[in-house]
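Order of the sequence lines sets the chain letters (A, B, ...), proteins ahead of strands, with each chain counted from 1.
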Amino acid sequence: MSKKMVLIDGHSILNRAFYGVPDLSNAQGLHTNAVYGFLNIMFKILEEEKPEYLAVAFDVHAPTFRHELFKEYKGTRKPMPEELREQVPVMKEVLQSMGICTVEKAGLEADDILGTLAKRGEKEGMEVALVSGDRDLLQIASDHIKIRIPKTKGGKTEIEDYYASDVQEAYQVTPVQFIELKALMGDSSDNIPGVPKVGPKTATDLMVQYGSLDNIYAHLDEITKKSIRESLAANRELADLSKVLATIHTDCELDVTWDMVRLQELFTPEAYTLFKQLEFKNLLSRFEEDAVTQNDQKETFRMTSELSDAEEAFSAAEKAGKAAFLVLEDGRADGDFAALALASAADQIWIFIPQGFLTKEYLTDKLKNLVKKGVKLSTFQIKNQYGYLESDETERFFDVLIAAYLLNPLKNDYSIEDIANEQLGLMIQSRQQLLEKLSLVKASQEREEAFREYAGFAVYTIFMAEPRLREKLRETGMEKLFEEIEMPLTRVLHDMEEEGVEVRPEELKAYGDALVERIEELEHSIHKQAGEDFNINSPKQLGEILFEKMQLPGGKKTKTGYSTAADVLDKLAPDYPIVSEILEYRGLTKLKSTYADGLAAYIGENNRIHTTLNQTITATGRISSTEPNLQNIPMRMELGRLIRKVFVPRSGYVFTDADYSQIELRVLAHMSGDEQLIEAYRSDADIHRITAAKVFHTPFEEVTDLQRRNAKAVNFGIVYGISSFGLSQDLSISRKEAAQYIEEYFKTYPKVKEFLDREVENAKENGYSVTMFGRRRPVPELKSSNFMQRSFGERVAMNAPIQGTAADIIKIAMIRVWKRLKEENLKSRLILQIHDELLVETAEDEMSLVADIMEKEMKNAAELAVSLEIDLHTGKNWYEAK
DNA sequence: TGACTCACG
DNA sequence: ACGTACGTGAGTCAG
């Protein structure tokens, strides 16, 4: 049987995919739809053809001979959209990662490369499938060269196939005649002029009748239609030129050998990494088979319930002085676990299943003993495992999750599989795959095997990745950040989560009930005014009612319809009672569903709510709070703020709440070294008022409220990465005015401008921003050729060092406050952090001690050019303590 | 599942 | 010419 070769027209298929696949992008904001679509088409073809050879051809965007020739005809082709352009290098990288040969050569069009390779293959006796999105290549079709044209229709890909006979059937001409057909009729998208007045219909008729261009001209006088005859006669040169342009070269010089285009294993670790980055989740399943079989490491994993095995393993770990462990919980009960995995060398991988004499207690005792003996332990997500360690020390612990986050804080999630892939180049079974297997497979033998493999690879990965991650942290200057801030913080967060915060369920319920009354009232009134019942919570329905049925001004905005966002409705509220009622309705339903009902669902034992504090979510280094989010409890509006009354300390305790005063602006003053700003803070007066006085050239005493408000907005804007547009939006002033404010601000604080410019410059050069404590935030957007994305990158580069440094500082404060409470054997506990605020549940007899501790540790968390100030309050609920 | 809206710092 | 402020999480709707 003859061998098969698949050739792909890179740009053409990428282009098809781009327009055929809905917009996709990954977490980093990179568009991926064209690459995704390309791969789907490619995989489909490969499955059908099962070829031995595969190559993808691309145009080089440099002037070529043919481009030179028809330069003057250019201009009809639209420029490639940025969203597509950025995917071209990604596409090439993906192909390279799968070992697929990409062919491009200056001076050659992709068509020429494809034509040449196709003919070469045919000569060697191959069957060739040539995949392209446009029909130019039909002239190459033969009995052994099949042109395949994919059509993406509503998600489904259908492929039209053309051998020579199919071309004949569809166009009534042979592939060779197809060239001259095109020369006659022209092709605007390919910049082939053609003969004026001759369209597809006439061209086909002519070719069918006379067979060739030369023969047409030989029989010019036979052509009956006068206008056509005259146009042909007058444009012989143009016809010849068109033919040259339309002809694909099949004899180009290419440095391509059959060896280079031979298809290899596509699903390589490199490709896996890329697919992960691009978030091609369903394409990843193609790697699964290989993932499981690729590594024979798993043969050395030992799963056991024997006491003697445990003795052996733990003493080996103690001797080694370092080990990786992982407790695998089965999710049935808190603190209950299905297995303990332990690794002390690459070939010392154990999975202990508690059974008989090998009890959980025995295993955790063994683990605690390792800690006591000073063994260095690495694990994944240590925050959830302190219960098994019973240690306040973190110096000898290493959490690979935290390390992976610091090295790239932009990822959505961090899994052991990813770490295996990125650090060890290994593809391992994921937890998801394990769960799937467990749900499918009934045979206990197989289930055990799957579990052994998962647990083994997990702990093996941690053990092997630790030194590499440590080295990378050192290389990037984040070792101290890791050891002195992030690792100790894991311990603090563990306690905070466990501690939780008490709420009063009855009061929460009463609060919700009070809301319902007013909500129903508003609902009736709104429906009455609209003249019909509709779902006020549906932006779609609401937009239609307001802007179509009721004809309110200021419609149109978003992709899906009218914008009904608060800032739009705010403008209408004074003139239309229904709008202000809608706004009130929105506010109340938000309070009801998110807070009254939402929080109630999380109340657990002792009326306490235990949030999850996530340390590996944000790009800037802040922590986040989920299930429930206790970092966005209402504050700005009085009605919402009242919810804070249901958050109470346990009996015999009060709340002590302390928040930093403008920590980000103070960080800015320090990092920029601006004498004026530093001096402003040393004077201990209202910073916004001082700024207003300076910026608006007004005596301090005479600064109006409006001036102060504007100055405050500018201060905020600076921290966010100022833009005149953003500021004008916020203040409802013209862009010009906003620009003036900013200019005056920079004149007032010149080093602030220098600082911000420098941060952008550095980030552009390095590819990342960095905080005072060495935390990095990559800013890939700065490299984008898209104006909007690049501007975003610039703002991020200005904001990240400031927000990130503030985050570093409060983390230090948290660790120190926690430590002091612990060391001084106090009953009081740190329970919440809200970015610049700490909440301590304080024993009544420890109130002044706690206040002292918080004040001292928060103020001294960092040594800045300006002092760090806090506002501290106590109260018998959170409302009062703020 | 993504878009929209809105709560916080 | 482009068209936004920085960082999060949750509830709801609609496809």
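Using a 4.0 Å heavy-atom criterion, one finds that A:Ala713 contacts the bases of the nucleic acid, with or without backbone contacts as well. Counting non-hydrogen atoms under 4.0 angstrom, A:Ser563 reaches the backbone sugars and phosphates but no base. At the heavy-atom level, A:Ser625 lies under 4.0 Å from the strands shown only through sugar-phosphate atoms. Within 4.0 Å (heavy atoms only), A:Asp730 reaches at least one base atom of the nucleic acid. Among the atoms of the strands shown, none is found under 4.0 Å from any heavy atom of A:Gln729. Residue contacts shown for A:Glu627 are limited to sugar-phosphate atoms, with no base heavy atom under 4.0 Å away. No contact: A:Ala806 has no heavy atom under 4.0 Å from any strand. A:Ala619 comes within 4.0 angstrom of sugar-phosphate atoms only, judged by non-hydrogen atoms across all strands, and of no base. Heavy atoms of A:Thr626 sit under 4.0 angstrom from primed sugar atoms or phosphate atoms, though from no base atom.
A:Ser538 OG to A:Glu544 CD: the interatomic distance, rounded to the nearest 0.5 Å, is 8.0 Å. In this structure, CG in A:Leu727 is found 5.0 Å from CD1 in A:Ile733, a value given to the nearest 0.5 Å.
In this structure, A:Gln541 reaches the C:dA14 phosphate: one of its side-chain N or O atoms is under 4.0 Å from OP1 or OP2. Contact between the side-chain N/O atoms of A:Asn535 and the OP1/OP2 oxygens of C:dC13 is found at a separation under 4.0 Å. Contact annotation: A:Ser624 reaches the phosphate of C:dG9 (side-chain N/O to OP1 or OP2, under 4.0 Å). For A:Arg795 and C:dC6, the shortest distance from a side-chain N or O to OP1 or OP2 is below 4.0 Å. For the OP1/OP2 pair of C:dT12 and a distance below 4.0 Å, the side-chain nitrogens and oxygens of A:Ser538 include no atom meeting the criterion. Here A:Thr594 does not reach the OP1 or OP2 of C:dG9: none of its side-chain N or O atoms lies under 4.0 Å away. For B:dC6, the OP1/OP2 oxygens have no side-chain nitrogen or oxygen of A:Arg636 closer than 4.0 Å.
Rounded to an integer number of Å, the gap from CD1 of A:Ile802 to P of C:dA5 is 18 Å. Atom CD in A:Glu781 sits roughly 14 Å away from atom C1' in C:dG7 (whole-Å rounding). The distance between atom CD of A:Glu279 and atom C1' of B:dG2, rounded to the nearest whole Å, is 14 Å. In this entry the distance linking CD of A:Glu664 with C1' of C:dC6 reads 8 Å, nearest Å. Spacing between atom CG of A:Leu630 and atom P of C:dG9 amounts to 13 Å, rounded to whole angstrom units. Taking atom CZ of residue A:Phe534 and atom P of nucleotide C:dT12, one finds them 17 Å apart after rounding to whole Å. Residue A:Arg777 contributes atom CZ, which lies 10 Å from atom P of C:dC6 at whole-angstrom precision. Taking atom NE2 on A:His835 and atom C1' on C:dC6, their separation rounds to 12 Å, with Å as the unit.
Residue order along DNA chain C, read from the 5' end via each residue's closest nucleotide, puts A:Met788 first among A:Met788 and A:Phe792. Positionally, the nearest nucleotide of DNA chain C for A:Arg622 lies more toward the 5' end than for the other of A:Pro628 and A:Arg622.
Figure legend. B:dA3 is base-paired to C:dT12; pairs are counted as Watson-Crick or G-U wobble with both atom distances under 3.5 Å. Of the nucleotides present, C:dC6 is the one that pairs with B:dG9 by Watson-Crick or G-U wobble criteria, both distances under 3.5 Å.
The ring of A:Tyr749 has its center closer than 6.0 angstrom to the ring center of A:Tyr745. Checked against the 6.0 Å centroid threshold, A:Tyr741 and A:Phe696 count as a close aromatic pair.
In this structure, A:Phe787 forms no aromatic stack with the base of C:dC2, since the conditions of centre separation below 5.5 Å and plane angle below 30° are not both met. Under the stacking definition used here (centres under 5.5 Å, planes under 30°), the residue A:Phe725 qualifies as stacked on the base of C:dG3.
Annotation: cation-pi geometry satisfied between A:Arg776 and A:Tyr768 (NZ/CZ under 6.0 angstrom from ring centroid, within 45° of ring axis).
Put simply, the side chain of A:Lys540 and the base of C:dC13 share no donor and acceptor less than 3.5 Å apart. If you check distances only, the side chain of A:Ser791 never reaches the base of C:dT4 with a donor-acceptor pair under 3.5 Å.
When distances run from any side-chain atom of A:Ala566 to the nucleotides C:dG7, B:dC6, B:dC8, the shortest one goes to B:dC6. Checking B:dA3, C:dG9, C:dG7 against every side-chain atom of A:Asn632, the shortest atom distance belongs to C:dG9. For A:Met635, the side-chain atoms get nearest to B:dG9 when compared with the rest of B:dG9, C:dG11, B:dC4. Relative to the side chain of A:Ile834, the nucleotides B:dG9, C:dA10, C:dT8 differ in distance, and B:dG9 lies closest.
The heavy-atom pair separating A:Leu588 from A:Arg518 by the smallest distance is CD1-CG, 3.3 Å.
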For this session: Kindly determine whether A:Asn408 and A:Tyr414 satisfy side-chain hydrogen bond (donor to acceptor under 3.5 Å, both in side chains), including the steps that lead there.
Result: CA-CA 10 Å; A:Asn408 177 13; A:Tyr414 300 85; 5.2 Å; no

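Aromatic ring orientation, A:Tyr36 versus A:Phe280: tilted (interplanar angle from 30° to 60°).
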